Amino acid sequence: MTEDWASRALPAPPITPLRWRGGWRDGALELLDQTRLPRDETWLTHRAYTTVVDDIVRLAVRGAPVIGIAGAYALVLAAREVTLAEPAIDVPTFFERLTPRAERIATARPTAVNLGAAVRAGLRAARACPGGNPEQITDVLLEAAMHLDAYEREACEGIARHGAAWLDGRTRFLTHCNAGALVTTGLGTALAPLYALHAAGREIQVYADETRPLLQGLRLTAYELARGGVPVQVIADGAAAGLIAEGHVDAVIVGADRVSASGDVANKVGTYGLALAADRHGIPFVVAAPLTTIDRGTVAGADIPIEQRPDDVGRYVDPACLPSGLETWAPAFDRTPAALVSALVTERGVVERPDATRIETLFATAP
Ligand code: MRU
């Protein structure tokens, strides 16, 4: 069936993880506490940047695009704190006060490029504020955060359309971790094309890896796909290679926390194994990510810092099962070489077999 994916209506996101309410002076950032999903939907209201940082660290808000957006709004809260504490402050002193706060936000988690990049972009906009005073600069920071929020929402639509066009005809998909509506302000990254295919009447089936140790697949992907009406079955991570080998999967599709300039991909730990299995059994391994997740300043995957979360290994395990003095090696992410990536789906189009040259064409393409 030929489908005009460029103009087809897309479904609304089944859930949203973040919203800002108000102006810079009185506003607050609201975050859906993802650590409590799917048990309940609790919204947390933040008026201080420090509590946003805490929530990024404990994964109440998580996923590359949305931690970038949360970081941009946290910078507004940090700037407001400085502005309201010392209303008569001059601009150089304002930046002196803001910089360490910005640094604290930017470094809350190291792997997803979106967080540091969003904070740096906010600071650039703030420094370019013509003849600004602290109040005007804080307002400019809010504009920058809202712009990023809207950009990411629209990027999901592009990813949904380009990804659906590329994947159409395949029906059984395996995904890892959660790269859906909960990681951004729109339909998601890896899940966006799947929502589009489902909305277009394709009878798709999604297998979601449970995603040890924090179970983002079991808790979050299964939850949001079910809310969106998309058929989903959760599998133990260890079942994925066998499922692929036995011919039950037409494509693996995952998101990314950072894509290097050469196309290597850092994503949730376990992704690399899926890429190897897909390659071995001749099915596509697809990565879906907005351009904000491509880090042209990081040459290769080996240069991407990998967050270690040693305490997470036992987090969802009955304490009675944990040996005393348990030691863990617990990277939150792994690196998949570009050579194993069949296609990189972005809001500007799909790049097959991504490499440095092909990735650059995305940035040269008019939006
Ligand atoms: O540690 P998390 O839950 O923030 O990790 C998120 C992931 O790794 C996702 O799988 C993802 O693809 C990146 S966000 C689109």
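Whatever order the structure lists ligands and atoms in, that order sets their numbers, starting from 1. As the structure is a computational prediction, the values presented were derived from the model and not from experiment.
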Check: Ser262 side chain, Val299 main-chain N or O, donor-acceptor pair, under 3.5 Å: yes
Any donor-acceptor pair under 3.5 Å from Arg62 side chain to Asn178 backbone: yes
Thr221 side chain to Gln216 side chain, donor-acceptor N/O pair below 3.5 angstrom: no
Identify all pairs of nitrogen or oxygen atoms, one from ligand 1 and one from the protein, separated by less than 3.5 Å, and list them with distances.
unit_1, atom_1, unit_2, atom_2, d
ligand 1, 1 (O), Arg109, NH2, 2.8
ligand 1, 1 (O), Lys268, NZ, 2.7
ligand 1, 3 (O), Arg62, NE, 2.5
ligand 1, 3 (O), Arg62, NH2, 3.4
ligand 1, 3 (O), Gln216, NE2, 2.9
ligand 1, 4 (O), Gly63, N, 3.1
ligand 1, 4 (O), Arg109, NH1, 2.8
ligand 1, 5 (O), Lys268, NZ, 3.4
ligand 1, 8 (O), Asp257, OD1, 2.7
ligand 1, 8 (O), Asn267, OD1, 3.4
ligand 1, 8 (O), Lys268, N, 3.2
ligand 1, 10 (O), Asn267, OD1, 3.3
ligand 1, 12 (O), Ala256, N, 3.2
ligand 1, 12 (O), Asn267, OD1, 2.6

Within-4.5 Å side-chain heavy-atom neighbours: Val76 and Trp20: yes
Min side-chain heavy-atom separation Leu187-Pro11 under 4.5 Å: yes
Carboxylate-amine/guanidinium contact Arg358 Glu352, below 4.0 Å: no
